[in-house]
Amino acid sequence: MITATVKSNADDPIWSPRQRCLIAFVDSLHDTGTVPDELWKQISAYWTEEQTLELAVLSGYYHAISFVANIARLAPETWAMRFPQQSV
């Protein structure tokens, strides 16, 4: 699944319907800063409005942490699994 997070998208059959919905939600937030109405309706099948707002906050938090780690030039944790290289 780690490879699919880099080399695939939300439509990949490796993901369950719930996971596909979450990935589409986070991708939309990342790409546009918002979530279309249709996706908001889909996500409400899996999470409450409160949980969905928490997911949005969590997504933003991880975005902010990655900015800080990148500008601070933090080295990757030695114990952490590496993402596969993405072809350019």
Side-chain angles (χ1 to χ4, degrees):
M1 282 193 169
I2 294 289
T3 300
T5 64
V6 175
K7 298 189 178 232
S8 189
N9 59 37
D11 297 329
D12 192 304
I14 194 169
W15 308 118
S16 70
R18 185 174 190 248
Q19 289 169 324
R20 282 195 288 273
C21 189
L22 177 61
I23 292 167
F25 177 78
V26 173
D27 283 351
S28 182
L29 285 175
H30 173 75
D31 294 345
T32 68
T34 191
V35 176
D37 291 341
E38 184 58 36
L39 182 53
W40 188 261
K41 287 177 194 170
Q42 291 171 10
I43 206 161
S44 69
Y46 300 104
W47 292 278
T48 65
E49 185 173 351
E50 182 179 87
Q51 290 170 323
T52 304
L53 294 174
E54 285 185 39
L55 288 169
V57 170
L58 182 62
S59 177
Y61 174 75
Y62 277 109
H63 221 115
I65 292 299
S66 71
F67 292 159
V68 172
N70 288 339
I71 65 168
R73 311 273 192 279
L74 297 180
E77 298 95 346
T78 56
W79 52 265
M81 185 176 196
R82 299 287 175 260
F83 285 103
Q85 293 298 313
Q86 195 169 15
S87 31
V88 181

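Along the sequence shown, residues carry numbers from 1. Heavy atoms only: backbone and side chains are in, while hydrogens, waters and symmetry mates are out. Please read these numbers as outputs of a predicted model, since none were measured by experiment.
Both V35 and L53 sit in one connected hydrophobic cluster of ILVMFWY residues. Membership requires side-chain heavy atoms under 4.5 Å apart, directly or through other members. Both W40 and W47 are members of a single hydrophobic cluster when ILVMFWY side chains are connected at heavy-atom separations under 4.5 Å.
We find the CD-CG distance between Q19 and D12 to be 10.5 Å, quoted to the nearest 0.5 Å.
Although no hydrogens or angles enter the test, the distance criterion places no donor-acceptor pair under 3.5 Å between the side chain of S59 and the main chain of L55. No side-chain donor-acceptor contact under 3.5 Å links T32 to the backbone of L29. Although no hydrogens or angles enter the test, the distance criterion places no donor-acceptor pair under 3.5 Å between the side chain of S28 and the main chain of A24. With hydrogens and angles disregarded, no donor-acceptor distance shorter than 3.5 Å links the side chain of R20 to the backbone of D11.
The local environment of CD in E49 is sparse, with at most 12 non-hydrogen atoms from other residues, nucleotides or ligands closer than 6.0 Å. Within 6.0 Å of atom CG in N70, more than 12 heavy atoms from other residues, nucleotides or ligands are found, so the atom counts as buried in its surroundings.
The shortest non-hydrogen separation linking A10 to I23 is CB-CG2, 3.6 Å.
Side-chain contact between L22 and Y46 is absent, with no heavy-atom pair separated by less than 4.5 Å.
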